Amino acid sequence: MKKDNKIYVAGHNGMVGAAICRILQLHGYSNIMGKSSKELDLRNQEQVNQFFKTENPAVVIDAAARVGGILANNNYPYQFLMDNLLIQNNLIHAAHENAVDKFIFLGSSCIYPKLAPQPLKEEYLLTASLEPTNEWYAIAKITGVKACEAIRKQYQKDFVSLMPTNLYGSFDNFDLETSHVLPAMVRKFYDATINNHATVTLWGTGTPMREFLHVDDMAKAVLFAVENPLPDYLYNVGTGVDLTIKELAELIQKITGHKGEIIWDASKPDGTYRKLMDNSKLEKLGWKYQIDLQQGVQQTYDWFLKNIHQYKTVKI
Ligand SMILES: NC(=O)c1ccc[n+]([C@@H]2O[C@H](COP(=O)([O-])OP(=O)(O)OC[C@H]3O[C@@H](n4cnc5c(N)ncnc54)[C@H](OP(=O)(O)O)[C@@H]3O)[C@@H](O)[C@H]2O)c1
């Protein structure tokens, strides 16, 4: 892989895409390109084909997707299924037609069955039913994994899928309406601290367990896949370490300096009890996470404080 090979990062403005661009630049890659959804709507096959003919990238990293939580998946099942299918199908097919050497497809741990044994191994894919709340998104992602696997099998091209666990870090979404659990907690403890509120109310019982990976470690897994041909079609990317939501809340409370009490609203849903990934397949090849949760949350909080002007502070 030459440092001046053209690398197209689809979704370069998103949390994951931006981290991938930063890490690639840090490692000397000088020919990285991206297009916003306004400049190039990846759901439009004609536009995508034209773009590939004009730009002719050597490597494509697909970090573009319609992403959202349970509520959004529930309200817009058709868009979560169809937009994601269109985006990834157009990218995968245009890459294949235009002789792209390497394609890296990003999915998510929701591709695995709801009741699969823990930790989740790659081989559990398609062995039982999915979690119904996000099956639209998961089915689109499984189709992307299978399309890359089919191209790999039939044409011996280096098309590979990486499945990250829950990610967090710089450029995360701190909007309480739409954010994931970790940035939502950062935001709630920050708002409570500056408003001098003694209590912070969080959803659920605090007992479910979750795994978190800093987005810069995820980007380094992508760098690893750019620089090394991976022998198989599907790899999990996580830390292999999980903690309870209560432990996460206490860590974030300490980092934000909030001194009050945490109230658990058990009338709100807890979600799946545990979702831990088995990352040994990629680790055996040489990638391993480096940023532990304490360090990662501190970095994320520092980034949030520097960029707080982007967000409206909520009086709670
Ligand atoms: N965040 C997580 O915790 C997490 C965990 C596991 C897996 N992942 C995976 O990582 C990938 C990226 O996630 P993210 O968190 O970075 O999401 P994100 O911040 O919402 O970014 C998504 C990106 O996709 C682009 N996009 C969406 N629709 C598009 C369209 N029609 N045409 C062109 N571009 C379009 C957006 O471009 P514009 O900004 O220009 O509109 C945006 O840059 C996804 O595949 C997701 O499944 C994320």
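Model, not experiment: these values are computed from the prediction. Atoms within a ligand are numbered from 1 in the order they appear, just like the ligands themselves.
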Contact atoms of ligand 1, heavy-atom distance to [X] under 4.0 Å:
| X | answer |
| --- | --- |
| Ser36 | 40 (O) |
| Pro164 | 6 (C), 7 (C) |
| Asn13 | 39 (O), 40 (O), 43 (O) |
| Lys141 | 44 (C), 45 (O), 47 (O) |
| Leu106 | 45 (O) |
| Gly107 | 6 (C), 7 (C), 8 (N), 9 (C), 47 (O) |
| Met15 | 1 (N), 16 (O), 19 (O) |
| Leu40 | 32 (N), 33 (C) |

Run down the list [options] and name the one with the heavy atom closest to [atom].
| atom | options | value |
| --- | --- | --- |
| atom 5 (C) of ligand 1 | Thr165, Asp62, Leu91, Ile87 | Thr165 |
| atom 23 (C) of ligand 1 | Ala138, Gly11, Ala19 | Gly11 |
| atom 30 (C) of ligand 1 | Gly14, Ser37, Cys110, Ala63 | Ser37 |

Examine [X] against ligand 1 and note whether any of their N/O atoms are separated by less than 3.5 Å.
| X | result |
| --- | --- |
| Leu42 | yes |
| Lys38 | no |
| Leu167 | yes |

What protein heavy atom is closest to [atom], reported as residue, atom name and distance in Å?
| atom | result |
| --- | --- |
| atom 16 (O) of ligand 1 | Val16 N, 2.9 Å |
| atom 27 (C) of ligand 1 | Ala65 O, 3.3 Å |
| atom 31 (N) of ligand 1 | Asp41 OD1, 3.0 Å |
| atom 17 (O) of ligand 1 | Val67 CG2, 3.6 Å |

Going by an N to O cut-off under 4.0 Å, is there a salt bridge joining [X] and [Y]?
| X | Y | value |
| --- | --- | --- |
| Asp4 | Lys2 | no |
| Asp242 | Arg210 | no |
| Lys275 | Glu211 | no |
| Asp191 | Lys188 | no |
| Glu250 | Lys254 | no |

Can you name the closest pair of heavy atoms from Ser170 and Gln299 and give their distance?
->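 Shortest heavy-atom contact: OG-NE2, 2.8 Å.
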
4.5 Å side-chain heavy-atom contact, Ser179 and Phe174 |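 Ser179 does not reach Phe174 side chain to side chain.
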
Do the non-hydrogen side-chain atoms of Glu122 and Tyr112 ever get within less than 4.5 Å of each other?
->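 Contact flag for Glu122/Tyr112 side chains = yes.
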
Donor-acceptor pair, side chain of Glu149 and main chain of Tyr233, under 3.5 angstrom =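 A pair under 3.5 Å: no.
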
Please check atom 35 (C) of ligand 1 for a protein heavy-atom neighbour under 4.0 Å.
->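 Looking at atom 35 (C) of ligand 1, one finds that a protein heavy atom does lie closer than 4.0 Å.
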
Could you tell me the separation between the CH2 atom of Trp287 and the CZ atom of Phe224, rounded to the nearest 0.5 Å?
->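 Going from CH2 on Trp287 over to CZ on Phe224, the span is 10.0 Å.
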
Apply salt bridge (Lys or Arg N to Asp or Glu O under 4.0 Å) to the pair Lys288 and Asp217, showing each step before the final yes or no.
-> CA-CA 8 Å; Lys288 191 170 168 51; Asp217 275 331; over 6 Å; no

Any Tyr137 heavy atom less than 4.0 Å from ligand 1 |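 It does, in that a heavy atom of Tyr137 comes within the 4.0 Å cut-off of ligand 1.
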
Salt bridge (Lys or Arg N to Asp or Glu O under 4.0 Å) between Asp158 and Arg152, worked out = CA-CA 6 Å; Asp158 191 7; Arg152 198 179 173 89; 3.5 Å; yes

